[in-house]
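Structure first, commentary second.
Every chain is numbered from 1 and lettered A, B, ... according to where its sequence line falls, protein lines coming before strand lines. These numbers were taken from a predicted model, which means no experiment stands behind them.
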Amino acid sequence: MRDITFFRTGFFLKVTLSVLLLIPAYSAFAEIAVIVHPSNGTAMEKGVIAKIFLGKTKKFPGGGTAVPMNQPEASAERAAFNKQALNKTSAQLKAYWSKLVFTGKGTPPREVDSGEMKSLISANPNLIGYIDAAQADDSVRVIHKY
Amino acid sequence: MTARHTKTILLLSLLFTAISSYGEITYNGFLSVGGGQLIDDDEITSYAGFDGKWKSDPDTVFALQISAPLSDKLKGTAQFIAKGSDSYNVEAEWAYVTYNISDQWDVRAGRLRAPLFSYSDFLDVGYAYPFIRPPTEVYRILFTTITGVDTLYNTSFGNWDANFQFYYGRLDASTFLAGEELFFDLADFTGVNAVFTYDWLSFRATYNLAPKLTIPLPAAARGLLDAIAGSGFPTVAEALDVVDETGAFYGVAMNIDLHDWLLSVEYTEVDFEDQSLFSDDEAWYFLVGKRMGDFTYHITYEYRKQTPDLGFLDGFADDSVIALLGGLPLKPTVLASVRQAENNVLTFGVRYDFTPGASLKVEFADIEFENLNQDGTLISFSVDVVF
């Protein structure tokens, strides 16, 4: 047992070290910021964000209507968000939504590109989306980073 | 496509386009192109629509769904589907309006699917499940489209999401049996369905009741029952016939989707109030799957058993004969006409998600009819797409 733990720790350190070394090269894509309108003050856990993006809840914890928006299918941000916030591959999500769409039980989030996403969200307190963290500014409020 | 269908589709499309000044009309669709063959067909000669020659029709479907907001609370949806198993006739299997009472409540009215099985809602959407087709032995009730209303309610308890569905309607459908078109008409068809989901785990239970169930019989079977009744065994004929009976269907299911592992179990049972040609029937399956990158491997085992209660024959002597059929012995004739089955199917399959929205599946299924001592092997593939 101790050997395994020891090995794992060593392995973990190595991985962390390699990841740290790689970060400068990938940081432009690595961090995703979940954003809402600046007036939207709700604190949100990761679980709630996932529920909103999976259509399981249509409200912010504070009570307002929550309308999620996705980046385009092929974007790096979408892939990173799917994996980190929803813990699913794009194929899994596609299958998930096909179960809801063809029974009228749900509609996947609307797709907009990253520039449009920021400007739409800065103008509408009901929207929630995500962008590359480096692009976040005062026009939106960052509620979570992955 | 018949003229009547073309007209319906045109009308519905026009209707949606005309009234939907309210918002965006969305179009979604799915298609599956399949193919398969029984490779050792000397015992089992046909299964799931396939036979000893390569065939594409049984698993091939094309569907287009149009959905249009009619007001901020009302939405119209129609799904047109053409199935190879139905000669590619275009049918509107779903056509309904949804009234959104609140974020938690929806009421729908129109043509809907009775949620008998876990996969009933998206039965034809191959992309939505790991296998090529839902397990044949379990998904044995072919008519589940009703005209009626249902209500969907969703809520959550802590980390659990709960969905409840209640429906009421009428099922009418037709099928070909022994070369004859038979019409089913089930009034007051009703049921409830509850699904509880916690992230990677979900449970489902359903109970459905058809209180005025009449099963139409082809002429040959009708003739047999008449002869039995006319030869002095009216109680036997009555027991075999399904007229205004209560039929119940219930099912429980569990689904696990944890990291790269999948597990699905579903148990279902059909019960008739009285003995009939279509005796009580239970079926279940389990699936174990493992995702490896874009590949998902699965093993699925299905089992079905029909165990007729033959108590209605007890009062008659073993040498009773059906006089009107030239003295056929009563008991063996009845036994041969009552459906009895003990079937199992073991399937190995792989699904390859080669691009988001499209997958390729290949399966080998080993089929065994235990009571008849017959075996068969079905190989099949499908390409499933959603758009």
Name the atoms and distances for all side-chain donor-acceptor pairs under 3.5 Å in residues 103-110 of chain A, with sequence neighbours left out.
from	atom 1	to	atom 2	distance (Å)
A:T103	OG1	A:K99	O	3.1
A:T103	OG1	A:L100	O	3.0
A:K105	NZ	B:D121	OD2	2.5

Show the atom names and distances, to 0.1 Å, of all donor-acceptor pairs under 3.5 Å that link a side chain in residues 45-55 of chain A to residues at least two apart or in another chain.
from	atom 1	to	atom 2	distance (Å)
A:K46	NZ	A:Q84	O	2.9
A:K51	NZ	B:D161	OD1	3.3

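With a threshold of 4.5 angstrom between heavy atoms, B:D353 approaches chain A through side-chain atoms but not through N, CA, C or O. Neither the backbone nor the side chain of B:R113 comes within less than 4.5 Å of any heavy atom in chain A. Of the atoms belonging to B:T355, not a single heavy atom falls under 4.5 Å from chain A. Neither the backbone nor the side chain of B:E93 has a heavy atom closer than 4.5 Å to any heavy atom of chain A. Contact of B:D384 with chain A is not made at all, since no heavy-atom distance falls under 4.5 Å.
Residue B:Y198 qualifies as open at atom OH: its count of foreign heavy atoms under 6.0 Å is 12 or below. Residue B:K290 qualifies as enclosed at atom NZ: its count of foreign heavy atoms under 6.0 Å is above 12.
In this structure the side chain of B:V386 reaches within 4.5 angstrom of the side chain of A:F102, judged on heavy atoms.
Within the 3.5 Å criterion, the main-chain N or O of A:V101 finds a donor-acceptor partner in the side chain of B:Q65.
Heavy-atom pairs under 4.5 Å with chain A were tallied for B:Y129, B:W94, B:F30, B:Y119; the largest tally goes to B:F30. The candidate with the highest count of non-hydrogen atom pairs below 4.5 Å against chain A, out of B:D103, B:D294, B:V125, B:T98, is B:D103.
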